[in-house]
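A short write-up of the structure that comes next.
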Amino acid sequence: MKIATWNVNSIRSRFDHLVKWLHQFQPDVVLLQELKLMSELFPHEQLLDEGYQAAVLGQKTYNGVAILSKHRIEDITYGFENNPLPEEARYIDALIDGSVRIASVYVPNGQNTESPKYPNKLKFIDALRAAVQIRIYENTPYIIGGDFNIAPHDLDATNPDRWKGDVPFTAAERQGYNQLMHLGLHDAVRIKHPYTSQSAPDVMSWWDYRGGSFEKNDGLRIDHILMCPLATDMWTDAGTDRTPRTWEKPSDHTPVWCDLNMTQY
DNA sequence: ATGACATAGCCCCTATGA
């Protein structure tokens, strides 16, 4: 089962890219972020024509998350308990094919350490951890993918010196992220490309629109697919697909994906 | 230090992103 996550930066602006990418990559499940439209405007019918059902939590102008699936979608949960930003559309999960629960998350950016949005980002990560812990205890394989807006390690930036001490690179963000990981989650891409003294050039997921960052491969790895232990046992492969970032008028993010072997389960 | 790009909404300027 191929699972991917992609911050599309407006589904209306990126719809042609999405359909083109679905055709060529053939994912089973796609986690979307930054839809930037209300749920009732989501293009369900056009995606059904492509073979994908969708669970959607939309919002006008900002945020918005969704799950696309070729397999049946059941038991959709919108948001999570004790979310400090309940009016913002940042989390959705659903049971896929009766066998794995998959979440799409859009963690707040936080702007900068002086902004009031920054402590809200940290609170969001803490509350998310508590919600994920409950999901893991449910004993159904659980995967959470999305735009975490955190580079967990210095090797998750091409030029870490530029970001030191700033969002999304601060010690407090990383501490929150690490506490989430310590529930027993595994990072799908870092199984394939472990942290070494050399930064892997092909693990970045975001490049600034400005300054020709993509052409210089001056990026960040802030989009992640995290797997609970039961899901990790099914892991076979993972990576990024940067081809959509090369297309005309792209999202600033590119898809991150992993592959699971469902038959061994 | 600043601005560089892009998106949506409302409307030609602001908020937001990372």
Side-chain angles (χ1 to χ4, degrees), chain A residues 5-18 31-43 56-66 84-85 87-91 104-125 128 145-177 189 199 203-224 240 242 244-256:
Chain A
T5 181
W6 189 9
N7 179 327
V8 290
N9 187 16
S10 166
I11 191 164
R12 281 180 290 201
S13 290
R14 225 65 62 203
F15 191 72
D16 293 346
H17 280 32
L18 177 61
L31 311 172
L32 298 174
Q33 300 88 37
E34 284 211 84
L35 304 177
K36 294 186 172 181
L37 91 176
M38 293 182 285
S39 299
E40 49 267 46
L41 298 176
F42 190 86
V56 178
L57 181 61
Q59 181 184 332
K60 189 176 181 178
T61 310
Y62 301 118
N63 312 314
V65 288
L85 303 168
E87 72 289 353
E88 300 185 4
R90 296 185 177 275
Y91 180 97
S104 176
V105 68
Y106 178 48
V107 174
N109 169 291
Q111 289 188 329
N112 58 70
T113 56
E114 307 307 313
S115 167
K117 292 178 188 294
Y118 179 70
N120 285 336
K121 177 181 192 175
L122 300 178
K123 284 180 199 150
F124 182 95
I125 296 161
L128 180 66
D147 178 357
F148 285 77
N149 270 316
I150 298 172
H153 192 285
D154 284 358
L155 293 174
D156 294 319
T158 317
N159 294 309
D161 291 345
R162 147 132 39 112
W163 300 96
K164 287 261 168 75
D166 290 331
V167 167
F169 233 70
T170 66
E173 291 167 84
R174 286 179 174 175
Q175 182 176 42
Y177 181 86
V189 167
S199 184
V203 296
M204 301 306 156
S205 66
W206 173 87
W207 299 263
D208 201 309
Y209 284 121
R210 298 164 290 187
S213 299
F214 182 67
E215 289 69 26
K216 300 174 191 164
N217 189 27
D218 179 6
L220 293 174
R221 193 180 78 96
I222 52 176
D223 300 87
H224 311 297
T240 63
R242 57 213 291 166
R245 191 62 176 79
T246 70
W247 296 340
E248 192 85 12
K249 293 198 65 88
S251 169
D252 44 356
H253 297 252
T254 214
V256 174

For this session: Among the candidates B:dA6, B:dT16, B:dA4, find the nucleotide nearest to the side-chain atoms of A:R210.
Result: B:dA4

Problem set entry | B:dA18 OP1/OP2 closer than 4.0 Å to side-chain N/O of A:Q111 | no

Exercise. Roughly how many Å is it from CZ in A:R14 to C1' in B:dG17, rounded to a whole number?
Worked result: 13 Å

Exercise. Just checking A:D223: base, sugar-phosphate only, or nothing, at a heavy-atom cut-off of under 4.0 Å?
Worked result: nothing

Exercise. Looking at A:K249, does any N or O in its side chain come under 4.0 Å of the phosphate oxygens OP1/OP2 on B:dT7?
Worked result: yes

Problem set entry | Nearest-0.5 Å distance, CG of residue A:N109 to CG of residue A:N63 | 10.5 Å

Exercise. So which one's nearest nucleotide on DNA chain B is more toward 5', A:I11 or A:G212?
Worked result: A:G212

For this session: Respond yes when some side-chain nitrogen or oxygen of A:S13 is under 4.0 Å from OP1 or OP2 of B:dA8, and no when none is.
Result: yes

For this session: Identify whether any heavy atom of A:W206 sits under 4.0 Å from a base atom; if not, whether one sits that close to sugar-phosphate; answer base, sugar-phosphate or nothing.
Result: sugar-phosphate

For this session: Taking atom C1' in both B:dC10 and B:dA15, compute the distance separating them and give it to the nearest angstrom.
Result: 12 Å

For this session: Figure out the OH/C1' separation between A:Y62 and B:dT14, and round it to whole Å.
Result: 8 Å

Problem set entry | A:N109 or A:K36, whichever maps to the more 5' nucleotide of DNA chain B | A:K36

Problem set entry | Distance in angstrom units between A:L35 CG and B:dT16 P, rounded | 19 Å

Exercise. Can A:N217 and A:W207 be counted as having a side-chain donor-acceptor contact under 3.5 angstrom?
Worked result: yes

Exercise. Under 4.0 Å: is that the gap between some side-chain N or O of A:H253 and OP1 or OP2 of B:dA18?
Worked result: yes

For this session: Could you tell me the separation between the CZ atom of A:R245 and the P atom of B:dA18, rounded to a whole number of Å?
Result: 12 Å

For this session: Describe the nucleic acid contact of A:I222 in one word from base, sugar-phosphate, nothing, applying a heavy-atom distance below 4.0 Å.
Result: sugar-phosphate

For this session: May I ask you to say what A:D147 touches in the nucleic acid, namely base, sugar-phosphate or nothing, with a heavy-atom cut-off under 4.0 Å?
Result: sugar-phosphate

Exercise. When you check the gap from the basic side-chain N to the acidic O, do A:R90 and A:D147 get nearer than 4.0 Å?
Worked result: no

Seminar exercise, completed: A:L85 CG to B:dT16 P, in whole Å, measures 13 Å

Exercise. Across the strands shown, which category fits A:Y106 at heavy-atom distances under 4.0 angstrom: base, sugar-phosphate, nothing?
Worked result: sugar-phosphate

Problem set entry | Span that lies between the C1' atom of B:dC12 and that of B:dT7, in whole angstrom | 15 Å

Exercise. How are the rings of A:H224 and A:F148 set relative to one another: parallel (under 30°), tilted (30 to 60°) or perpendicular (over 60°)?
Worked result: tilted

Seminar exercise, completed: Value for CD1 (A:I11) from OG (A:S251), rounded to nearest 0.5 Å, stands at 11.5 Å

Exercise. When rounded to the nearest Å, what value does the distance between C1' atoms of B:dC13 and B:dA18 take?
Worked result: 22 Å

Exercise. Rounding to the closest angstrom, what is the interatomic distance between B:dA8 and B:dT2 at atom P?
Worked result: 28 Å

For this session: Starting at atom CG of A:D208, determine the distance to atom P of B:dG3, rounded to an integer number of angstrom.
Result: 15 Å

Problem set entry | Atom-pair distance (NZ on A:K60; C1' on B:dC10), nearest Å | 9 Å

Exercise. Does the side chain of A:N63 get closer than 4.0 angstrom to OP1 or OP2 of B:dG17 through an N or O atom?
Worked result: no

For this session: Verify whether one side chain among A:K36 and A:N9 offers a donor that lies under 3.5 Å from an acceptor in the other.
Result: yes

Exercise. For the pair made of CG in A:N9 and C1' in B:dT7, what is the distance, rounded to whole Å?
Worked result: 6 Å

